[in-house]
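Remarks on the structure that follows.
Lettering follows sequence order; numbering is per chain, from 1. Just so it is clear, the values below take in all heavy atoms, side chains as well, and ignore hydrogens, waters and symmetry mates.
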2 protein chains.
Amino acid sequence: MNYEEAKEKFISTWGALGTLWGINKAMAQIHALLWISPEPLSMEDIMEELQISRGNTSMNLRQLMDWGIVFKENKMGERKEYFVSEKDVQELARQIAKERSRREIRPVIKVLKDVSSIEDDNTAKTKELIKQTKALHELADTADTMMNKMVNQEHNWITKTLLKIVK
Amino acid sequence: MNYEEAKEKFISTWGALGTLWGINKAMAQIHALLWISPEPLSMEDIMEELQISRGNTSMNLRQLMDWGIVFKENKMGERKEYFVSEKDVQELARQIAKERSRREIRPVIKVLKDVSSIEDDNTAKTKELIKQTKALHELADTADTMMNKMVNQEHNWITKTLLKIVK
DNA sequence: ATTAATTTTCAATATTTTTTGAAAGTTTGA
DNA sequence: TCAAACTTTCAAAAAATATTGAAAATTAAT
């Protein structure tokens, strides 16, 4: 496998993985491209490389910036904007965990809490609803608390912790 | 919030969360319905409750069974098939982790390994590709190993471990 | 072996999501 | 202030994904 093949393989694999996890292909691929690029890239560069439109590029770059994993960069004397990805793998993981928790997990935890707190009327179905949503609530809450600890830890905490668990 | 409201809220929230994480709405909602149902449900019951077609119900039940989180059950003297969900929250988490690892994460780890192993030609871009994909490979591999430990642990391991981390 | 009950399949349809591209907006420099 | 360089927005189009429903297949009882 040469450089070009490897690059394409990485970008398309990252795009496919994103899709599987609810992240659109263009967004995942732009991220992949910036992740392996030693230089900041302009919108033109990205459009060219991934064969996508200007509008698509612009919107997905904005989303990546909203997620806190891509940044704008200016070159002196140049009008054009350039983009770079967060390069540290731990920081990337933390940022993604943080955002998914905030946007997706916490709202669900809130619903689970509310649903599991309805008044018990002693019917089997109500009992089951309460019991099962409470169990989900507890698991989700514990897992989310852990994620948040993770997000606020020192740089190398993730790997150290995972390794400790794995023994 | 009464029982009906709570039930609907739970089912639609679970469906929406699924969608966000790449699982289709019907599949997530069928799972939610079975999760809180104290009795096994027939295909008719599910179609009726969620207002979805027979074909849709059949296909998504099959997928849930492929994921190992829903099972067929027969009532004596009845021709019809009934379905029940895995009820244990830990087992649910383990099963989902196990399947997502097998189907989605491991193939990506393989690609990362291959891509990060291309020959270094000492150009900046090749060096960056190798460095960054290697970093992802290491993180993904560690996390996946942890997931697999998890999957094969005793029943209550997840919560105990998470709590230990959280301190 | 036939029929009735039930489930599965899959081409057609509907829905949702993503992408495009051109117009509108913004910024910078002359 | 004007205009060139560049970016953003958003309605329309395209693509991807999910859903339907009826025909085919399966199963079980008579």
What is the distance, to the nearest angstrom, from the [atom1] atom on [X] to the [atom2] atom on [N]?
| X | N | atom1 | atom2 | value |
| --- | --- | --- | --- | --- |
| B/E78 | D/dT27 | CD | P | 18 Å |
| B/E81 | D/dT26 | CD | P | 14 Å |
| B/I46 | D/dT20 | CD1 | P | 14 Å |
| B/I30 | D/dT19 | CD1 | C1' | 11 Å |
| A/L50 | C/dT19 | CG | C1' | 13 Å |
| A/I23 | D/dA16 | CD1 | C1' | 17 Å |
| B/E48 | D/dT20 | CD | P | 14 Å |
| B/K25 | C/dT17 | NZ | C1' | 14 Å |

Pairing donors with acceptors under 3.5 angstrom, does anything connect the side chains of [X] and [Y]?
| X | Y | answer |
| --- | --- | --- |
| B/N148 | B/R102 | no |
| B/T126 | B/D120 | no |
| A/E128 | B/W35 | no |

By nearest nucleotide on DNA chain C, pick out whichever of B/G55 and A/I52 is the more 5' one. B/G55
Need one value for B/N56: base, sugar-phosphate or nothing, where a base atom within 4.0 Å counts as base even if backbone is also close, heavy atoms only. base
Which one of B/I69, B/V70, B/D45 satisfies the side chain to side chain contact (heavy atoms under 4.5 Å, CB included) criterion with B/L34? B/V70
Under 3.5 Å, is there any donor-acceptor pair linking the side chain of B/R54 to the base of D/dT20? no
Please check the phosphate of D/dT9 (OP1 and OP2 only) for any side-chain N or O of A/R62 closer than 4.0 Å. yes
Return no unless some side-chain N or O of A/N24 is found under 4.0 Å from OP1 or OP2 of D/dA16. no
Where the side chain of [X] is defined as all heavy atoms beyond and including C-beta, which of [options] is the nearest nucleotide?
| X | options | answer |
| --- | --- | --- |
| B/R79 | D/dT9, C/dT27, C/dA4 | C/dA4 |
| B/S53 | C/dT7, C/dT20, D/dT20 | D/dT20 |
| A/M43 | C/dT7, D/dT19, D/dT8 | D/dT8 |

Pairwise 5' ranking along DNA chain D for A/T19 and A/F83, keeping only the more 5' one: A/F83
Give a yes or no on this: more than 12 heavy atoms of other residues, nucleotides or ligands lie within 6.0 Å of atom NZ of B/K87. yes
